[in-house]
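Scroll down for the structure; my scribbles are underneath it.
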Amino acid sequence: MWKNIVAAPADSILGLTDAFRKDPSPQKVNLGVGVYKDDAGRTPILECVKAAEKILLENESTKSYLPISGDPAYAASVQKLIFGETSEVLVNKRAATVHAPGGTGALRVGADLLKKFKPEARLWISSPTWANHKGVFTTAGFELGEYTYYDPATKSVDFAGMVKCLKAIPAGDIVLLHACCHNPSGVDLDNDQWSEVVAIAQKQGWLPFLDFAYQGFGEGVEEDRYAVEQFAATGLDFFIASSFSKNFGLYNERTGALTIVSPTAEESIVAMSHLKTVVRVIYSNPPAHGGLVAATILGDPLLYKQWLGELAAMRERIVAMRTALVDGLNARGVAGDFSYIKKQRGMFSFSGLSDTTVAWLREHKNIYVVGGGRINLAGLTSKNIDYVCDAIAEALKA
């Protein structure tokens, strides 16, 4: 079957990780894949997760299938986290949530559902965006459009350009927005800018689809849901793909959710009925463990408090690495102002490094960075930060 078929190209990010693993150099550094690492360079299991798993192990009585939409307690926990416990959306039951296999699974479920009911719609993504957004939505059959987002000259949001694009998107189309910690740039809208985007959505009549993979990695759990709250207050239909991979460290448990917000509870019931039909033909039922872990933590006041503390520690470590990188480059007399890196949020940074520099770092210093210069700050540690700063300084002078 495969004799005359050319091999598919490696994923731009996961392929980089494969190359990193095969690299025998003891000094190698992976700043590519979007996985949190602690200062020892490990992706840790949170203590609150271990505690929740112990509770589940002691009380688990079956391995039977979950419902198609997932455990109801999980859905309720997701909604409380992304909207706030006292949100009007919860009070009026305007949200329908299904447990999906990771944030990527949530995006794909949403894509398939939207293609079913909006077959002629175009889906708009930010320029730039997470590379896999393109694959997920084109595979679902969507024609993609791009709206202006990042300005490489100012290292910030080109908000005037973004507004101009959003105002030209026709009613019925779909706009994918990063709710916080924009991937790959690390540059977010401020609250006033979000309010303007929401007003444009109301006026234009396009459907917002929020990718919310990093709640708690920006400013905090409550602060990071500002965009969600603003869209919820409008009464518009909109979609949210959320994930517990990063903020709970549940990467290999594939724990995400797709939430559809509707104007009324009655419409939400209809939305859920169609969500289930899409899930049924993709993966039938979600994996249980990660969702039950998250629901256990979010439903227990002590574990929830512990989680907030561990999440804050992860967020603060990333901020510390941002500062160390900028200060380290300045101390080495590297030309240019890198202070914009300190202003970015989340795990990622558009570093400003050219593809030529990225290739040089990999070839000569065994430092792996995604093409375009996106750096995962969580890959930096107190042990490798000087090596990385020395290498970048050398690369930029080469």
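None of the values given here were measured: they were computed from a predicted structure. Position 1 is the first residue of the sequence, and the numbers go up from there. Basis for what follows: all heavy atoms, side chains included, without hydrogens, waters or symmetry-related copies.
The distance from the SG atom of C48 to the CD atom of E53 is 10.0 Å, given to the nearest 0.5 Å. Here the OG atom belonging to S351 is positioned 8.5 Å from the CD atom belonging to Q344, to the nearest 0.5 angstrom.
Nearest approach of D38 to Y36, heavy atoms of both residues: N-CE2, 3.8 Å. Listed here is the closest heavy atom pair of F20 and N30: CE1-N, 3.4 Å. Considering every non-hydrogen atom in both A257 and T97, the closest pair reads CB-CG2, 4.0 Å. Taking each heavy atom of H99 and L66 in turn, the nearest pair found is ND1-CD1, 4.4 Å. The shortest non-hydrogen separation linking S195 to Q230 is OG-OE1, 4.0 Å. Considering all non-hydrogen atoms of both residues, H289 and E253 come closest at CD2-OE2, 3.4 Å.
Ring orientation note: the planes of F348 and Y214 are nearly perpendicular, at an angle over 60° on the 30°/60° scale. In this pair, F137 and H133 present their aromatic rings tilted. The plane angle is within the 30 to 60° band. Using cut-offs of 30° and 60° on the angle between ring planes, the pair W307 and F248 is parallel.
In this model, a donor atom of one side chain and an acceptor atom of the other lie less than 3.5 Å apart for D337 and S339.
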*Let me see the working for R345 and D188 under salt bridge (Lys or Arg N to Asp or Glu O under 4.0 Å), right down to the final yes or no.*
CA-CA 7 Å; R345 303 199 308 172; D188 284 348; 2.7 Å; yes
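Taking the centre of each ring, H182 and Y149 come in below the 6.0 Å mark.
Listed by first and then second residue, the salt bridge (Lys or Arg N to Asp or Glu O under 4.0 Å) pairs that reach into residues 104-119 are R108-D112, sequence neighbours excluded. Sorted by first and then second residue, the salt bridge (Lys or Arg N to Asp or Glu O under 4.0 Å) pairs with a member in residues 234-248 form an empty list; sequence neighbours excluded. Residue pairs meeting the salt bridge (Lys or Arg N to Asp or Glu O under 4.0 Å) criterion with at least one partner in residues 318-327, sequence neighbours excluded, are D327-K342.
More than 12 heavy-atom neighbours from other residues, nucleotides or ligands sit within 6.0 angstrom of CD1 on I282.
Taking hydrophobic clusters as Ile, Leu, Val, Met, Phe, Trp and Tyr residues chained together by side-chain heavy-atom distances below 4.5 Å, W206 shares a cluster with F117.
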